[in-house]
Amino acid sequence: MIFPSKIKEKKSECETYICPECGNNFYFIQDYSRGEIICGECGIVVLDHVIDHGPEWRAYDSTEKENRTRTGGPISFRIYDKGLSTIIDRYNQDFLGRKIASNKRAQLYRLRYWQFNSHLHRNIARNLNTAMNELDRLASQIELSANIKEMAAFIYRKAAKGQYLKGKVISETVAASIYVACHIYNFPILLEELATHSKANKKNIARTYRYLIECLNLKIRNIDPLEYIVRFSEELNLSPTIQLKACKIIQLAYQKNLTSGKDPKGLAAAVIYIAGLLEGEHCSQRKISRVSHVSEVTIRNRYKEIVEKLDLKLYPIKNKKGGSQLMKVIKSLH
DNA sequence: AAGACGAAAGTGGTTGA
DNA sequence: TCAACAACTTTCGTCTT
């Protein structure tokens, strides 16, 4: 890290600087995707963690630039009014920072009171405000990305606008919106995980999820088992070799059409188990069951189906004590 | 005790008449 | 609306080391 003070020696108005590393005048290159300013001569990173003060939109001609020019922060579906409304603050100061006269303060107080009432006390705004707070809380606890949060907020708003949420519990609908958004972005979320952090239970979240899909006429695909394989393998501290093998097995299962109608979590759990046997890094059904929230019986059923349909040969493993309890799957997978 | 396996009973969703 | 069905879960017992 090179301190900004070192490049303060601005030589002219044509935005050239003295590079602290090579000593030459340089034309700086701004890389806002990485938040870095780079010396055009020697390529060294002169500044990092640079804040992009520009707009988040792009304009390709002067008309677009004019139309899109605005002030304030970007709009967001996660804020109940999308961040567009103005508020009267509590500081009793004018725009120059001078104190408001006491005779005007009472009037300002009444204005503030009515503005608050007119904004938040409308049913829809109050509902959205509560819902967006709940969404933010839930998404932060599960550590979801900003675009999943934004999509969940968008889905909630769409349902609210269509009058589909009358009589619905906010916490259930918010959790269901997040579940829908995760499906759209193919993020391997578990219903149990949502239910743990939400006030709503698993059954109600699942029911509301189906309700939202029906009301909004959404075409939702199942989450790819590959995503679950990565997630479960990481939680079980399995080697990348197991992950790779599990991915190969699931691809073969796809080709044989063994995956349709099956829970992707169950499929992922089963192929991880098979991959463990293949690679000699055995992971018990119980451990996989705990991580995947799929019962051991389901893992066994999927595992047997896959082994049978992919024509994988089963041979008993002789352990140290001469036992033959575990079965090894033998087949070259390509 | 741990791990694997299987049977039986029950649950909740989907589909078609 | 309801029965049939597939997928899945829970529970329990058995086997093996």
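So you know, we letter chains A, B, ... as the sequences are listed, proteins then strands, and number each from 1. Computed from heavy atoms alone, side chains included, the values below leave out hydrogens, waters and symmetry copies.
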Rounded distance (Å) that lies between atom [atom2] of [N] and atom [atom1] of [X]:
X       : N       : atom1 : atom2 : value
H293(A) : dT10(C) : NE2   : P     : 11 Å
K287(A) : dA1(B)  : NZ    : P     : 18 Å
N301(A) : dT10(C) : CG    : C1'   : 13 Å
Y211(A) : dG13(B) : OH    : C1'   : 18 Å
N222(A) : dT14(B) : CG    : C1'   : 14 Å
I220(A) : dT14(B) : CD1   : P     : 14 Å
I288(A) : dC5(B)  : CD1   : C1'   : 15 Å
E296(A) : dA7(B)  : CD    : C1'   : 15 Å

Crowding at OH, Y254(A) (>12 non-hydrogen neighbours, <6.0 Å):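 Check passes, neighbour count above 12.
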
In residues 192-208 of chain A, what residues come within less than 4.0 Å of DNA chain C, judged by heavy atoms?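 DNA chain C contact set from residues 192-208 of chain A: none.
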
Phosphate-side-chain proximity, [X] and [N], N/O vs OP1/OP2 below 4.0 Å:
X       : N      : result
Y303(A) : dC5(B) : yes
R300(A) : dA4(B) : no
H282(A) : dG3(B) : no

Could you list the donor-acceptor pairs under 3.5 angstrom formed by side chains in residues 185-194 of chain A, with sequence neighbours left out?
unit_1, atom_1, unit_2, atom_2, d
N186(A), OD1, D224(A), N, 2.9
E192(A), OE2, K202(A), NZ, 2.9
E193(A), OE1, L190(A), N, 3.3
E193(A), OE1, R231(A), NH1, 3.0
E193(A), OE1, R231(A), NH2, 3.3

Check whether any side-chain heavy atom of S177(A) lies under 4.5 Å from a side-chain heavy atom of L212(A), and answer yes or no.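 Yes - at least one pair of side-chain heavy atoms lies under 4.5 Å apart.
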
Can Y273(A) and R300(A) be said to form a side chain to side chain contact (heavy atoms under 4.5 Å, CB included), step by step? CA-CA 9 Å; Y273(A) 181 70; R300(A) 277 200 288 276; over 6 Å; no

What distance do E172(A) atom CD and N204(A) atom CG have between them, rounded to the nearest 0.5 Å?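 It is 4.0 Å, given to the nearest 0.5 Å.
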
Would you compute the distance between atom CG of L267(A) and atom CD1 of I306(A) and round it to the nearest 0.5 angstrom?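 Spacing of CG (L267(A)) from CD1 (I306(A)) equals 5.5 Å.
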
Let's see if you can work this out: which of [options] has an atom nearest to the side-chain heavy atoms of [X]?
X       : options                  : answer
K304(A) : dG13(B), dA4(B), dG6(B)  : dG6(B)
R210(A) : dC5(B), dG13(B), dA7(C)  : dG13(B)
V297(A) : dT14(B), dT10(C), dC5(B) : dT10(C)

Encoded 5' to 3' (Watson-Crick or G-U under 3.5 Å; [ ] crossing; | other strand), DNA chain C becomes |||||.|||||||||||

Counting any heavy atom closer than 4.0 Å, what does S284(A) reach on the DNA or RNA strands: base, sugar-phosphate only, or nothing?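 Since only primed, P, OP1 and OP2 atoms lie under 4.0 Å of S284(A), the category is sugar-phosphate.
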
Across the strands shown, which category fits G266(A) at heavy-atom distances under 4.0 angstrom: base, sugar-phosphate, nothing?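 The residue G266(A) makes no contact with any strand.
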
Does a donor on one side chain and an acceptor on the other come within less than 3.5 Å for S239(A) and E281(A)?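 Yes.
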
The criterion is ring-ring contact (aromatic ring centres under 6.0 Å, His included); which residues satisfy it with Y209(A), sequence neighbours excluded?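 In terms of ring-ring contact (aromatic ring centres under 6.0 Å, His included), with neighbours along the sequence ignored, Y209(A) is linked to Y179(A), H183(A).
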
Can you sort out the partners of Q243(A) under side-chain hydrogen bond (donor to acceptor under 3.5 Å, both in side chains), two or more places apart, ordered by chain and number?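 Per chain and number, Q243(A) pairs via side-chain hydrogen bond (donor to acceptor under 3.5 Å, both in side chains) with no residue.
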
Tell me, please, which residues at least two apart from E308(A) pass side-chain hydrogen bond (donor to acceptor under 3.5 Å, both in side chains).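 Scan of E308(A) (side-chain hydrogen bond (donor to acceptor under 3.5 Å, both in side chains), adjacent residues dropped) gives none.
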
